[in-house]
Amino acid sequence: MTETSALDARRDQLPNAADGTARPAVDATPPWPIEVVDGVAVTTMTGTPANCQNEAFYAALHATLDRLDDEHRDRPVVLTGEGRSFSAGLDVRYVGELFRDGDHDALLAWKDRYFATNLRLFALDRPLVAAVNGHAYAGGLITALCADLRIGARGPARFALNEVPIGIPMPRTYLELLASAIGWPTASRLSLLGTELDVEAAHRIGVLDEVCDPAALVSRAIAEAARLAGGSLPAFRFTKRAVRAPVLGRMHEAAAGADRAFVDVVRSPESRRAIERLLATLDARATGTTCSR
Ligand SMILES: C/C=C/C(=O)SCCNC(=O)CCNC(=O)[C@H](O)C(C)(C)COP(=O)(O)OP(=O)(O)OC[C@H]1O[C@@H](n2cnc3c(N)ncnc32)[C@H](O)[C@@H]1OP(=O)(O)O
């Protein structure tokens, strides 16, 4: 697919702005930087605070994957983040407003747009290694768990599937994805309890496959990505499709069925209050006022 046709296809898939959400046009959004090292395409999430996920993030992700497909079709991929966070998950300022003010159809449209980003990463038909440079919360940890392998940097990073404590239900769509990466018992426990993990604990329970010094992180991820593709890329592709197919089937089924009720839960007064508490915590940090999570 040429660059233009990929962008046209992507633009056609985007819902129009009638749902009331502002979105940058995909062709106006630059992809994240891509660097080729030892045959591996390394891309770095950047452009939003703590690499949190909003419409600009989704558009950059699609633009990056379009470019990876067009220009680096057969290269394994390393995904990392800029700064202290791999990704802080959904942009809670953005979704907080959307959940409060958006109508039912706007929320469903957003849910599908968000699903499309994780789906594209999870179904990437070649090795994807996450070089987890820092914190990964909620949707940010889901992003890391889309990868075939996760390598973490030793240090102060924390990880959690903390959707429930902040008032956002964990859809079955993502439980299927999480369970395929870390198993149902771990996915269930982390999702229900919202437990915060340090790097060692994340490694112990398989959220991270490996831990290394921060200075070696990206080179370790590159070496692993090259190794995964090094035997036979066609064999890897074939097997990854086979591994993903049943999971993707269940994810699509959940997204079109039970998970539509997600919209009602995030609009409940209890969820709104919990999201407001997280927003107050972030705002207090920004202004230097102390506030516990
Ligand atoms: C289904 C999926 C659901 C979800 O994904 S819900 C999202 C759940 N996410 C969270 O609970 C994470 C909230 N963020 C944090 O706890 C912390 O941040 C971190 C531990 C990730 C990073 O801490 P530190 O390195 O000290 O950075 P900082 O100063 O807290 O953040 C840097 C800037 O990033 C903004 N930010 C951080 N996380 C989010 C977010 N999730 N949504 C929107 N903005 C976020 C902050 O406010 C700040 O911004 P400014 O520099 O303007 O003060």
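As the structure lists them, so they are numbered: ligands from 1, and atoms in each ligand from 1.
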message: How close do R272 and R100 get, counting heavy atoms only, and between which atoms?
response: NH2-O, 3.8 Å
Given T48, N118, T117, T143, the one that forms side-chain hydrogen bond (donor to acceptor under 3.5 Å, both in side chains) with Q53: T143
task: Could you tell me whether the side chain of S191 reaches within less than 4.5 Å of the side chain of L178, counting heavy atoms only?
output: yes
query: When only distance counts, is N162 in polar contact with ligand 1, meaning an N/O pair under 3.5 Å?
result: yes
task: Measure from atom 19 (C) of ligand 1 to every heavy atom in K111, H135, Q53, M170 and give the option owning the shortest one.
output: H135
task: Using a strict cut-off of 4.0 Å, indicate which atoms of ligand 1 neighbour a heavy atom of I166.
output: 6 (S), 7 (C), 8 (C)
statement: Within the 4.0 Å heavy-atom cut-off, what T281 brings close to ligand 1 is neither
- prompt: Would you say V92 and ligand 1 have an N/O pair spaced under 3.5 Å apart?
  reply: yes
Salt bridge present between D148 and K240 (N-O < 4.0 angstrom): yes
field: Nitrogen or oxygen of Y114 less than 3.5 angstrom from that of ligand 1
entry: no
task: Report the part of A88 (side chain from C-beta onward, or backbone N, CA, C, O) that has a heavy atom under 4.0 Å from ligand 1; answer both or neither where that applies.
output: both
message: Please tell me whether I142 and I168 are part of a single hydrophobic cluster in this structure, the criterion being side-chain heavy atoms less than 4.5 Å apart.
response: yes
task: Nearest heavy atom to atom 2 (C) of ligand 1 wins, so pick from R158, E163, R84.
output: E163
- request: Before giving the answer on side-chain contact (heavy atoms from CB on, under 4.5 Å), spell out for I34 and R67 the whole-Å C-alpha distance, their side-chain angles and the decisive distance to 0.1 Å.
  value: CA-CA 9 Å; I34 297 173; R67 192 169 155 212; 4.1 Å; yes
Atoms in ligand 1 flagged as close to S85, the criterion being non-hydrogen separation under 4.0 Å: 21 (C), 22 (C)
message: Is the shortest side-chain heavy-atom distance between R244 and F122 below 4.5 Å?
response: yes
task: With heavy atoms only and a cut-off of under 4.0 Å, state how P49 meets ligand 1: side chain, backbone, both or neither.
output: both
- prompt: Counting each atom of ligand 1 from 1 as listed, which ones have a heavy atom of A50 under 4.0 Å away?
  reply: 34 (O), 37 (C)
message: Heavy-atom distances under 4.0 Å decide this one: backbone, side chain, both or neither, for R285 against ligand 1?
response: side chain
field: Subset of ligand 1 atoms that lie under 4.0 Å from at least one heavy atom of D91
entry: 42 (N), 43 (C)
- prompt: Which class fits the ring pair F99 and W110: parallel under 30°, tilted 30 to 60°, perpendicular over 60°?
  reply: perpendicular
- request: Specify side chain, backbone, both or neither for I142, according to which of its non-hydrogen atoms lie closer than 4.0 Å to ligand 1.
  value: neither
message: With respect to R93, determine whether any N or O atom, backbone or side chain, lies less than 3.5 Å from an N or O atom of ligand 1.
response: yes
- prompt: Does I168 approach ligand 1 within less than 4.0 angstrom via side chain, backbone, both or neither, non-hydrogen atoms only?
  reply: side chain
field: Atoms in ligand 1 flagged as close to A286, the criterion being non-hydrogen separation under 4.0 Å
entry: 53 (O)
message: Heavy-atom distances under 4.0 Å decide this one: backbone, side chain, both or neither, for D283 against ligand 1?
response: neither
- line: One finds that the ligand 1 atoms under 4.0 Å from a non-hydrogen atom of G89 are 5 (O)
- prompt: Without hydrogens or angle criteria, can the side chains of H62 and R120 be said to hold a donor-acceptor pair below 3.5 Å?
  reply: yes
- prompt: How close do V211 and R154 get, heavy atom to heavy atom, and via which atoms?
  reply: O-NH2, 3.6 Å
field: R227/E224 ion pair, N-O < 4.0 Å
entry: yes
Identity of the nearest option to atom 20 (C) of ligand 1, non-hydrogen atoms only, from F262, Y174, Y137: Y137
field: Steps toward ring-ring contact (aromatic ring centres under 6.0 Å, His included) verdict (Y174, Y114)
entry: CA-CA 11 Å; Y174 299 120; Y114 175 50; 5.5 Å; yes
